[in-house]
Protein chains: 2
Amino acid sequence: MFTPKPIGFVRSPYSQTTAVPRGLGAKHDAEGELEILPEFEAGLQDIEGFSHLFVIWVFDRSETAALVGPTPIDGIPHGVFATRSPFRPNPLGLTVVELLGREGNRLRVRGVDMLEGTAILDIKPYLSGIAADKLRRGWLDAAESKAKA
Amino acid sequence: MFTPKPIGFVRSPYSQTTAVPRGLGAKHDAEGELEILPEFEAGLQDIEGFSHLFVIWVFDRSETAALVGPTPIDGIPHGVFATRSPFRPNPLGLTVVELLGREGNRLRVRGVDMLEGTAILDIKPYLSGIAADKLRRGWLDAAESKAKA
């Protein structure tokens, strides 16, 4: 197995987990930066052409793992692989951000839900999405329907 | 930094990288399984409700990294963070699969582009996508337009 190394760090308005919007209907439109280490900047070539990016990052302030736990959305326990809980066997986060601009090794992005200083492991271009009418979203659909009722 | 550990392994029809469809218009509709280790099976609770999943996995047969390299799509060098190249600073793969069914610790899925035996690090529910008309896809759009012309 490999040893993960940061390719850069997130510049975020959030310094504490409690500040990140959570729960039903939470919006993630905060702006921030992905600050890539100079030695990896060459890997950003042509990234400007993409409107959206996947960011894989580390829940580095999450010290526990729980296979089943309640979410802030519905308060009901679900398996960790059916949620975005930070308490995962491998503390990996995944966020889709909108790329607003690039200045050298800094990517300005919208949609940050990471904490300030979060280590970034990888960035990938967002190539295509699954249409909303093709998606089933299990317990999340149920929670949203209940909230609307 | 954490030490990654497999939560399971991919059962795939592909045993060699050359067998995985690549290049412009490549379709990924191969079926396979995500075989989760028994000690992590509890984390799958309620996953059946989701039609699509993100799988984060390890390019474990990829031994090099290159910050800039040509893709099989257009043959033109691009930065690694603007491609899905296996030659990444952290050898992490990301695939969206359709969940066809679950039998205990085995998830039957469609959309496998990993090799047989690939180590899985994480699974997350696919909650929403970016609409096609909101996406810009840089060099990939250019390559597709050129191929159609």
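Remember, it's a predicted structure, so these values are computed and weren't measured experimentally. No hydrogens, no waters, no symmetry mates; every other heavy atom, side chains included, goes into these values. So that the names make sense, note that chain A is the first sequence line, chain B the second, and so on, each numbered from 1.
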Single-linkage hydrophobic cluster, 4.5 Å side-chain cutoff, A:Phe87 and A:Val58 together: no
Validation row: B:Phe50, A:Trp139 side chains within 4.5 angstrom (heavy atoms): yes
Cluster check B:Ile56, B:Met1: I/L/V/M/F/W/Y, side chain < 4.5 angstrom: yes
Contact winner vs chain A - B:Leu127, B:Ile7, B:Asn90, B:Val96, heavy-atom pairs under 4.5 Å: B:Asn90
Minimum heavy-atom distance between B:Leu135 and A:Ser128, given as atom pair plus value: CD1-CA, 4.0 Å
Region of B:Glu98 that comes under 4.5 Å of a non-hydrogen atom in chain A: neither
Part of A:Ala42 lying under 4.5 Å from any heavy atom of chain B: both
Check: B:Phe54 ring centroid to A:Phe54 ring centroid under 6.0 Å: yes
A:Val10 reachable from A:Leu100 in the ILVMFWY side-chain graph, under 4.5 Å edges: no
Top contributor to chain A contacts, counting heavy-atom pairs under 4.5 Å, from B:Asp141, B:Leu94, B:Thr3: B:Leu94
Minimum heavy-atom distance A:Pro77-B:Gln45, with the two atoms named: O-NE2, 3.4 Å
Within one Ile-Leu-Val-Met-Phe-Trp-Tyr cluster: B:Phe9 and B:Val97, side-chain cutoff 4.5 Å: yes
A:Arg136 backbone acceptor or donor facing B:Tyr126 side chain under 3.5 Å: no
Among B:Pro6, B:Gly69, B:Gly79, B:Gly43, residue most engaged with chain A (heavy-atom pairs, under 4.5 Å): B:Gly43
Which atoms of A:Arg137 approach chain B - backbone, side chain, both or neither, heavy atom under 4.5 Å: both
Side chain / backbone / both / neither for B:Thr83 at chain A, heavy atoms under 4.5 Å: backbone
Residue-level interface, residues 28-41 of chain A with chain B, non-hydrogen cut-off under 4.5 Å: A:Glu39, A:Phe40
Partner chain A: residue of B:Val68, B:Val80, B:Leu92, B:Ile47 with the largest heavy-atom pair count (under 4.5 Å): B:Leu92
Co-membership, hydrophobic cluster, residues B:Val109 and B:Tyr14, 4.5 Å side-chain: no
Neighbours of chain B found in residues 116-124 of chain A - heavy atoms under 4.5 Å: A:Ala119, A:Leu121, A:Asp122, A:Ile123, A:Lys124
Segment of A:Leu44 engaging chain B (4.5 angstrom heavy-atom cut-off): both
Smallest separation among heavy atoms of A:Lys5 and B:Pro89, with atom names: CE-O, 3.3 Å
Which of B:Leu67, B:Leu99, B:Asp60 touches chain A most, by non-hydrogen pairs under 4.5 Å: B:Leu67
Which of B:Ile130, B:Leu53, B:Asp46 touches chain A most, by non-hydrogen pairs under 4.5 Å: B:Ile130
